[in-house]
Student: 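If you scroll down you'll find the structure; I have some questions about it.
Computed from a predicted model, the values in this text were never measured in an experiment. Just so we're on the same page: letters track the sequence lines, and every chain starts at 1.
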Amino acid sequence: MRRNQGCNPLDHQVARRQFLAGAAGGAISLGLSGAPAIAEQVQGQHKRILQVYLQGGVSQLESWDPKPGTEFGGPFRAIPTSVPGMHISELLPYTAQRMHLLSIVRSINLKTNDHSQGRLFMEKGRRAGEYPYIGSIASKYLAPANSELPGYIHISTRGLNDSTSAFLGAQHGQLKFEGVKPPKNLGLPKGLDQTAAARRIQLRQQFNKQFGRGRPKSMTESFDVSFQQAAKLMARKTFFEKEPDGKDLERYGKHDFGRNCLLARTLLENNATCVKVTHHGYDSHAENFNFHLEQLGEFDKTFAMLIDDLHERGMLESTLVMVYSEFGRTPKINVRYGRDHWGTAWSIALGGCGIQPGAVIGKTNEKGTAVADREVDAGHLFHTYLQALGIDSTNDHEIAGRSIPIGDPTADAIKELLA
Amino acid sequence: MRLRSIPQLVFCTALLVAGSVSAFSAEVPLHQQIDSLISAGKPEFEAQAAPLADDATFLRRVRLDLTGTIPTVEEVQAFLADTTPEKRTLLVDRLLASPEHGRRMQYVFDTMLMERRRDKHVPAAEWRNYLRKSFLENKPWDTLVQEMLTVDGTDEKTRPAAKFLLDRELKAEVVTRDLGRLFLGRDLECAQCHNHPNVDDYLQRHYHGLNAFLSRSYLFKDPKTKKMTIGEKAEGLVTFTSVFTNEEGKTAPRMLDLPEIPDPEKKKVLYKVKPAKNVRSVPVYSRRLQLADAMTNSDNIAFQQNIVNRLWAMMMGRGFVEPLDMWHADNPPSHPKVLALLTKAFQEHDSDMRFLLRELALSKTYQRSSHVSVDAEYPEKVNFGVGLLKPLSPEQLAWAMMQATGVTDKTLASVKAKQAKVDAKKGTKQADDPQWQEEKLHDALKGNVTSFVTTFGTVGAQSSRFDASANQALFLLNGPLVQSWLKPSGTNLTARLKKLKTAPEIAEALYLAVFSRLPEQTEIEQVAAYLKASQDQPDMGLPQLVWAALSSDEFRFNH
């Protein structure tokens with residue numbers, strides 16, 4: 001067998017593994033809990049993910065990898081953090097005091113400067129192909145079978161509807177909240193009370209029972225699961241509508257991001273498995289510095305409060321925290337005082353569940369124009385996240401007779417980052 | 001490294017099979033030949049195969065597949081009462097000739113070719129209109145593709161056809177991949193950088209051979225109209241390097257393993273219109289114009305097989321090759337002889353899609369029940385001996401719900417009444433014209449269809465998987481649109497049910513309207529029990545009875 005060398009769309013795997021050309025209409029097998037082997041790995045504590053996505057590409061030079069006083073360093077200083085010897089940008093004073101809980105990877109090279117390609121690579125750990133996002137994988141393998149919430153919730157104030165679950169099935173796809181607004185259509189139609197609502201569901205099931213006899217279940221099951229998920233959300237309608245505590249709001253900030261992070265905390269406290277919060281608008285082609293001053297000002301305190309809360313509640317040990325973008329920004333400052341797209345040498349921060357705290361992985365050269373040590377890409381990060389959660393990312397997804405490697409087989413975890 | 005040319009291999013098989021069946025093909029209709037070949041050499045087939053679906057199921061199925069919605073109550077009753085032996089054939093012919101067929105094919109091909117991507121340079125409405133008209137006049141597949149690949153967007157009349165290229169902005173990695181996937185059934189994406197590591201048939205020269213047709217073309221913004229059009233240079237070669245082996249390669253335009261299409265001897269005059277600032281250059285020899293010919297050429301068997309596979313999948317619920325764009329030696333067609341037979345017939349009928357759909361619809365294979373008797377086992381592999389469940393597309397679901405609840409009839413009656421007044425004045429007869437009716441009805445209800453597409457549609461490559469999400473279920477459960485169709489009003493379904501006195505009458509009317517069939521005794525009892533239980537809330541009882549039926553598996557799938 002030839003070694004698969006980096007280009008890893010699904011069809012490569014499919015071809016390699018020769019899955020039955022006739023297998024049940026490409027149908028997927030369903031089941032709310034993960035495969036037994038993986039369930040065993042993550043037994044015990046309910047592990048979770050908090051994703052903070054800085055959409056548009058945060059500047060590594062104005063955040064995790066400052067280069068003050070160099071040609072491309074920009075106007076901001078670097079400040080010491082709670083980890084001796086680790087410095088980050090002065091735009092992140094609150095976060096700096098929590099860095100003993102987090103780590104930094106400074107040597108990412110994605111080899112793409114395209115928003116969509118970078119985003120998909122960071123989410124799927126693959127450059128191309130129909131693979132599930134990490135949130136969908138978490139939903140599949142980490143969500144408790146009796147979970148009261150869908151496994152993968154994305155709080156965002158705008159934008160893109162991604163297809164996130166690939167072959168894992170729609171019930172593991174992201175459920176998108178528009179900010180703190182609950183999903184649409186959560187309330188029963190006017191005039192319909194609980195009794196009548198229960199009766200209509202029961203009748204629907206009776207219709208289905210009759211139809212299902214002598215017919216295969218794979219597709220109808222997926223349809224039924226969607227109604228079960230909807231019922232879970234409807235049952236928690238008031239929970240979504242609850243006003244946040246005044247004190248909390250004061251700490252987190254009354255802006256959208258503050259409110260969204262507060263909702264993220266509440267969701268995680270209530271056993272959501274993966275919560276993604278998007279902070280929009282880091283695509284600073286012009287006025288990069290004023291922009292990051294303002295934007296990271298909003299991010300910094302809110303994020304620090306959220307980390308404090310997870311830490312104080314003892315949840316950080318079981319919650320993987322990722323702060324990431326689709327790429328970073330060019331060292332070179334353009335004529336509009338902006339920085340452009342840069343997937344070549346940039347950084348992310350991560351911490352919590354299974355991650356060695358206070359570490360700095362890799363580095364860029366003096367001017368920040370290239371990776372100088374320990375180059376990694378999103379494939380390596382993907383393995384790292386999953387292994388931190390206790391999922392063997394070198395294992396396969398077993399889907400209806402097909403085996404598909406969970407992580408890119410040509411990449412591996414950043415071992416020194418794993419606790 | 002094994003090198004294998006699949007198109008040629010399959011082509012040889014096609015010739016062999018064609019030879020063996022041609023002896024009786026003159027007398028035996030194609031649909032019967034399909035059925036013979038599907039079961040040929042499989043002694044266990046008949047034991048496992050399901051019987052033909054009953055009339056009501058067949059009517060619903062073919063109505064959804066060929067016209068995109070379910071039949072009206074009157075159609076169901078008439079079809080069940082009809083004793084003409086060839087009534088299924090007559091029905092298929094009637095549906096294929098209807099204006100609704102053009103709309104259904106517009107939806108299918110728009111979704112297939114544009115994959116619900118956002119509009120860029122050509123408005124979707126114009127493109128869809130172009131598609132629908134093409135299907136209404138039964139434009140052959142090769143002609144349609146020729147148009148899509150040759151127009152440059154400068155002529156308003158033909159501009160809609162340029163959407164395929166213009167909205168992909170002529171980006172090599174997008175256009176080349178989609179030419180491979182959508183027209184040749186081969187996803188060559190990986191072959192951009194190297195010969196496919198696991199699929200022996202997908203080579204770098206295939207990818208770049210396709211790319212070479214378009215590599216000289218570029219987007220040009222017309223300074224006057226501000227519209228994006230396609231210009232082309234006279235020179236430029238495609239070379240590539242494997243990221244694995246650093247082997248260098250170059251290729252002229254080519255279709256997979258068919259011969260390269262070399263440029264003609266260089267003439268002194270290279271351009272009809274020379275490149276200059278704000279000028280769209282037009283070369284004397286255009287590689288781009290060769291694309292359409294090379295693609296649709298009868299030597300390019302992959303092109304013919306791909307559309308046959310896709311139309312088969314549309315009707316039968318699964319392609320011979322699945323996924324539809326992963327055609328290679330390790331993923332061969334499940335029924336190569338049937339595929340070869342259909343491909344040959346399709347070519348002989350000048351790429352006539354309506355002809356092919358008709359033959360598929362008339363086959364026993366298409367007409368088999370999706371239900372196996374409780375003792376029979378469900379076949380492990382798809383053998384087309386049992387009908388497959390097909391999830392309704394967002395458009396089918398929207399139109400079927402509106403048909404079932406009476407929204408369609410009500411809207412049609414109202415647009416006809418309005419036009420009848422105009423007709424009376426002007427002495428025209430537009431209100432009676434089926435084509436006019438279809439368009440007006442569509443225009444009146446397209447907002448509702450869009451709501452369904454937004455909720456149930458997915459952007460990007462269509463997969464054969466069926467996925468349902470919580471948001472979709474919430475839309476059905478509590479969304480105001482579906483609820484608004486359930487309130488009794490005028491002659492809609494709940495209003496009609498309300499007038500009925502007994503549970504059996506209600507059950508029959510409900511089943512005819514929603515499930516397009518008559519209820520069985522146990523089903524009548526079930527409806528009666530539900531109505532009894534909801535006596536305390538009569539206002540909720542009937543609307544939610546209809547809701548449960550609309551949200552059921554039987555309604556959600558074409559079965």
Side-chain angles (χ1 to χ4, degrees), chain A residues 2 4-5 7 9 11-16 18 20-28 128 130 150 161 163 165 167 169-171 173 175 183-189 191-193 195-196 199-200 203-204 206-208 210-216 219-220 222-223 225-227 229-230 233-234, chain B residues 187 189-190 193-194 196-199 244 317-318 322-323 326 328 330-332 334 370-374 378 381-382 388-389 391 458-460 463-475 477-479 483 523 526 530 533-534 537 539-540 544-545 547-549 551-554 556-557:
Chain A
R2 276 163 297 165
N4 198 344
Q5 308 187 41
C7 175
D11 28 281
H12 287 185
Q13 313 301 344
V14 169
R16 174 153 64 89
Q18 298 243 331
L20 293 174
I28 51 162
E130 265 191 78
N161 257 336
S163 154
S165 57
F167 46 77
Q171 79 273 30
L175 180 77
K184 281 185 199 149
N185 303 314
L186 271 191
L188 285 178
L192 193 70
D193 64 18
T195 320
R199 268 201 299 257
R200 70 173 178 169
L203 182 62
R204 177 180 177 274
Q206 283 177 2
F207 282 139
N208 289 351
Q210 221 135 344
F211 179 75
R213 271 184 218 127
R215 289 195 172 91
M219 290 201 212
T220 51
S222 171
F223 192 42
V225 167
S226 73
F227 280 92
Q229 291 228 344
L233 292 171
M234 287 170 67
Chain B
D187 186 348
E189 185 185 24
C190 302
C193 312
H194 48 73
H196 203 297
N198 308 106
V199 179
F244 292 166
R318 191 188 156 85
E322 190 82 32
M326 280 313 286
H328 57 83
D330 292 334
N331 187 33
S334 61
S370 63
H371 188 273
V372 293
S373 72
V374 180
Y378 211 82
K381 274 189 181 183
V382 172
L388 296 173
L389 296 189
T458 49
V459 178
S463 81
S464 48
R465 269 194 320 272
F466 172 70
D467 273 350
S469 72
N471 282 330
Q472 293 169 5
L474 288 168
F475 176 90
L477 278 159
N478 309 325
Q483 290 299 321
E523 292 168 330
Q526 200 170 280
Y530 169 82
S534 43
Q537 292 170 300
D539 287 354
M540 278 297 130
Q544 298 312 318
L545 171 70
W547 178 88
S551 306
S552 70
D553 295 344
E554 180 167 352
R556 183 72 185 82
F557 295 94

Student: Over all heavy atoms of both residues, which pair between S226(A) and A473(B) is shortest? Give the atoms and the distance, please.
Tutor: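 S226(A) and A473(B) have their closest heavy atoms at O-CB, 3.3 Å.
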Student: Apply side-chain contact (heavy atoms from CB on, under 4.5 Å) to the pair F207(A) and Q526(B), showing each step before the final yes or no.
Tutor: CA-CA 9 Å; F207(A) 282 139; Q526(B) 200 170 280; 3.7 Å; yes
Student: What's the spacing between L203(A) CG and Q544(B) CD if we round to 0.5 Å?
Tutor: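 Here the interatomic distance stands at 10.0 Å.
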Student: Between L175(A) and N471(B), is any pair of side-chain heavy atoms under 4.5 Å apart?
Tutor: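 Contact flag for L175(A)/N471(B) side chains = yes.
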Student: Where does Q206(A) contact chain B at under 4.5 Å (heavy atoms): side chain, backbone, both or neither?
Tutor: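 Contact with chain B involves both backbone and side-chain atoms of Q206(A).
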Student: Between R204(A) and S551(B), is there a side-chain heavy-atom distance shorter than 4.5 Å?
Tutor: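 Answer yes - side chains close enough.
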Student: Under 4.5 Å heavy-atom distance to chain B, tell me which part of P150(A) shows up: side chain, backbone, both or neither.
Tutor: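 The answer is neither part of P150(A).
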Student: How about T220(A) and R556(B): do any of their side-chain heavy atoms sit closer than 4.5 Å?
Tutor: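 Heavy-atom side-chain distance check fails, nothing below 4.5 Å.
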Student: Between the side chain of D553(B) and the main-chain N/O of N208(A), is any donor-acceptor distance below 3.5 Å?
Tutor: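 Flag not set: sc D553(B) to bb N208(A) has no pair under 3.5 Å.
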Student: Any heavy-atom pair between the side chains of Q537(B) and D193(A) that's under 4.5 Å?
Tutor: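 They are in contact (side-chain heavy atoms under 4.5 Å apart), so the answer is yes.
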Student: How many angstroms lie between atom CG of L192(A) and atom CG of D539(B), to the nearest 0.5 angstrom?
Tutor: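 So the CG of L192(A) and the CG of D539(B) are separated by 11.5 Å.
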Student: Using non-hydrogen atoms only, which part of E554(B) is less than 4.5 Å away from chain A: side chain, backbone, both, or neither?
Tutor: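 Both parts, heavy atoms under 4.5 Å.
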Student: Over all heavy atoms of both residues, which pair between A470(B) and L233(A) is shortest? Give the atoms and the distance, please.
Tutor: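 That would be CB-CD1, 4.0 Å.
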Student: Enter the distance from M234(A):CE to N478(B):CG here, rounded to the nearest 0.5 Å.
Tutor: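 Reported value, rounded in 0.5 Å steps: 4.0 Å.
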Student: Identify which of P183(A), P189(A), A196(A) forms the greatest number of heavy-atom pairs closer than 4.5 Å to chain B.
Tutor: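 With the most close heavy-atom pairs to chain B, the winner is P189(A).
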Student: Does some side-chain heavy atom of R199(A) sit less than 4.5 Å from a side-chain heavy atom of M540(B)?
Tutor: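 The answer is no, as the side chains (C-beta and beyond) never meet within the 4.5 Å cut-off.
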Student: Restricting to non-hydrogen atoms, name the atom on R215(A) and the atom on L389(B) that form the minimum distance, rounded to 0.1 Å.
Tutor: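 Nearest pair, atom of R215(A) first, then L389(B): CD-CD2, 3.9 Å.
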